[in-house]
Amino acid sequence: MTTRRPLDQHPDPRIRAIIKSQMNRRSLLLGAGGLGLAGMLSACGTSGSASNSSASGSATAAGPSAAIDKSATEKTVSWANWTLYLDYDETTKSYPSLAEFEKQTGIKANYAEDIDGNDSYYGKVQAQLAAGQDIGQDIITLTDWMAGRVIRQGYTQAFDLANIPNAKNLRSALQNVDWDKGRKNSLTWQSGFAGIAWNKEKIPGGLKTIDDLWKPELKGRVEVLDEMRDTMGLLMMADGVDIAGSWGDTEFDKALETLTKQIDSGQIRQVKGNSYKEDLVSGDALAVICWSGDITQLNFENDDKWEFAIPESGGTLWSDNMMIPIGSQHKKNAEELMNYYYDPEVAATVAAYVNYISPVEGAKEAMEKVDPSLVDNKLIFPSDEDLKQVHAFRSLTPEEETNFGNKFQTAIGV
């Protein structure tokens, strides 16, 4: 075990706060299972050929042009993100890295955990984006396929990369995704895995496969994600499908039949976005299809009650991305915030809390300073070997997105 620096001796107050909040965090075991690290992350960034079922086919453009930037006179920036996705100090009820950004720049940051699912968030803001209106956020954080959609539809503002010099620190494998060539409209926030997790006390034998979720004793206590690529990806892999390869309606429909059966029978309690975590905490759900970093954080806060694993048949790999909406009036402030989080030490600070894969080159080296015990955390810095058991959901054509998306939403009752 690596000896930690005493809290009151680290010169950086941001790092002291993170180390304090993460004092007992321990990495979860990740199954190893074949693309290398660069190949897997690159593949993860190519699943953005999807379009909304109401806007399939060619790209649509937002009406009015981008808003006038008021960053020079309004020192504020608003950011919509997913839950449990930024370092948080329970004692001070604040986000240490964000507080440090405010201190360094004089920009007031308004941070909201507004995103529970890609489709649900898109549904709330799409009409305003289409009209070029300000949605009240200067940064939104969406998964690859949805990021590709909003960029293609003209709902984002292109970066002035001169304001984001740290963008050069983006991992090479993520720099040229097919849905945002040259990364002119997006920067990866974090990457991660989807797999399974369970309550260790209630399921002492653990789970190894997707089929284990359908055990009779778990009836009504299973939840799965409303993200099609994760839930259907895991179900298809359980049927032996290479989700990164060639497959179509036959393979998708077979997995969908399994999902529908388990929902109709009551085996699956609910299909949810990020709010599945609440049901794990309450005990309403005992086993879930879930995202890796969520379980690490829940364990830290709840005495290590759950275990996460990649199913024997494989897990999914994905990335979430920061973008500036078309109506944002604080574009330069948003770019300054992105630049701040692409500093390797700040990126390591965030990774020490969220336990997802950092997209920033140099973050692993910086972790030696931030929290040495996490340098070998496989959920933050996976090796090529670790990534052999996870797969990126292949790109879908707009027609496929409409077809598969409608089928999935019908199955889950949306």
Side-chain angles (χ1 to χ4, degrees), residues 52 62 67 74 76-90 93-99 101-102 107-151 153 155-157 185-192 194 223 225-230 270-281 290-291 293-294 297-298 301 318-331 333-338 340-341 350 353-354 356 409 414:
N52 186 13
E74 297 180 359
T76 184
V77 62
S78 297
W79 180 10
N81 207 348
W82 302 71
T83 61
L84 298 179
Y85 223 16
L86 187 64
D87 52 293
Y88 185 73
D89 190 318
E90 286 286 350
K93 306 298 180 183
S94 66
Y95 300 95
S97 65
L98 206 56
F101 168 78
E102 293 177 321
I107 297 172
K108 170 64 177 175
N110 303 304
Y111 184 78
E113 294 182 334
D114 277 357
I115 302 176
D116 184 63
N118 286 290
D119 279 314
S120 59
Y121 188 76
Y122 179 84
K124 289 191 297 184
V125 301
Q126 190 271 337
Q128 289 174 279
L129 291 172
Q133 296 174 354
D134 185 0
I135 63 171
Q137 301 294 344
D138 303 301
I139 299 175
I140 55 176
T141 316
L142 299 172
T143 309
D144 292 328
W145 63 273
M146 182 62 79
R149 176 190 297 178
V150 299
I151 290 171
Q153 292 178 322
Y155 294 168
T156 63
Q157 299 186 49
N185 295 270
S186 67
L187 280 174
T188 305
W189 171 240
Q190 306 288 313
S191 302
E223 293 188 0
L225 294 169
D226 63 4
E227 285 292 330
M228 179 185 74
R229 287 157 179 77
D230 291 323
Q270 283 185 315
V271 182
K272 284 194 168 187
N274 259 2
S275 56
Y276 74 87
K277 300 189 296 289
E278 300 167 10
D279 295 333
L280 282 175
V281 173
C290 62
W291 294 306
D294 288 347
Q297 292 173 50
L298 286 177
E301 297 164 358
W318 46 264
S319 293
D320 291 323
N321 307 271
M322 298 180 288
M323 295 167 291
I324 301 175
I326 188 69
S328 165
Q329 299 180 6
H330 308 102
K331 178 174 180 285
N333 292 344
E335 291 166 339
E336 192 162 353
L337 186 142
M338 292 181 190
Y340 169 78
Y341 277 104
V350 173
Y353 183 88
V354 303
Y356 283 111
Q409 291 182 359
V414 175

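- Remark: of the listed residues T143, D320, D144, D226, T143 is the sole one forming a side chain to side chain donor-acceptor pair (under 3.5 Å) with N118.
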Under the side-chain contact (heavy atoms from CB on, under 4.5 Å) criterion, do S97 and Y341 qualify, and how do the steps go?
CA-CA 9 Å; S97 65; Y341 277 104; 2.8 Å; yes
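- When all heavy atoms are compared, the tightest approach of K124 to Q128 is O-OE1, 4.2 Å.
- W189 and S319 form no side-chain donor-acceptor contact under 3.5 Å, judged by distance and modelled atom types alone.
- A donor-acceptor pair shorter than 3.5 Å can be found between the side chains of W291 and D230.
- Looking only at atom types and distance, the side chain of D138 has a donor-acceptor partner in the side chain of S328 under 3.5 Å away.
- In this structure, the separation between CE on M146 and CD on E227 is 7.5 Å, given to the nearest 0.5 Å.
- By the 6.0 Å and 45° rule, R229 does not stack over the aromatic ring of W318.
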Show your reasoning for whether side-chain contact (heavy atoms from CB on, under 4.5 Å) applies to N81 and I115.
CA-CA 6 Å; N81 207 348; I115 302 176; 5.5 Å; no
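- Looking at E102 and I107, their side chains never come closer than 4.5 Å, going by heavy atoms from C-beta outward.
- Y85 and N274 share no donor-acceptor pair across their side chains, judged by distance under 3.5 Å alone.
- Across all their heavy atoms, A112 and Q137 have their closest contact at CB-NE2, 4.3 Å.
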I'd like to know whether W82 forms a side-chain contact (heavy atoms from CB on, under 4.5 Å) with D116, so could you lay out the CA-CA distance, the side-chain angles of the two residues, the decisive distance to 0.1 Å, and finally the verdict.
CA-CA 6 Å; W82 302 71; D116 184 63; 5.9 Å; no
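- One distance of note links CD1 of I135 with CD1 of I140; it measures 5.0 Å at 0.5 Å rounding.
- In this structure, the side chains of W79 and L86 come closer than 4.5 Å at one or more pairs of heavy atoms.
- In this structure, the side chains of T156 and S186 stay at 4.5 Å or more apart for every pair of heavy atoms.
- S275 and K272 get closest at one heavy-atom pair: OG-CD, 3.5 Å.
- The line from CE of M322 to CD of E335 is 11.5 Å long, rounded to the nearest 0.5 Å.
- Of the N and O atoms on the side chains of N110 and T76, at least one donor lies less than 3.5 Å from an acceptor on the other residue.
- Here CD of Q126 is found 13.0 Å from OH of Y121. Values are rounded to the nearest 0.5 Å.
- Within the 6.0 Å centre-distance limit, the rings of Y111 and Y95 are counted as a close aromatic pair.
- Between M323 atom CE and Y155 atom OH the span is 13.0 Å, to the nearest 0.5 Å.
- There is no side-chain donor-acceptor pair under 3.5 Å between Y276 and Q270.
- Side-chain N/O atoms of Y356 and D294 include a donor and acceptor closer than 3.5 Å.
- The side-chain heavy atoms of M338 and V77, taken from C-beta on, include no pair separated by under 4.5 Å.
- Annotation: side chain of Y88 is in contact with side chain of K93 (closest heavy-atom distance under 4.5 Å).
- The minimum heavy-atom distance between I326 and Q157, with the atom names listed, is O-NE2, 3.2 Å.
- For the pair Q329 (side chain) and D134 (backbone), a donor-acceptor distance under 3.5 Å is absent.
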Using side-chain contact (heavy atoms from CB on, under 4.5 Å), reason through T141 and N321 one step at a time and then give a plain yes or no.
CA-CA 5 Å; T141 316; N321 307 271; over 6 Å; no
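- The distance from the NE2 atom of H330 to the NZ atom of K108 is 13.5 Å, given to the nearest 0.5 Å.
- Of all the heavy atoms in L225 and V271, the pair that sits closest is O-CG1, 3.6 Å.
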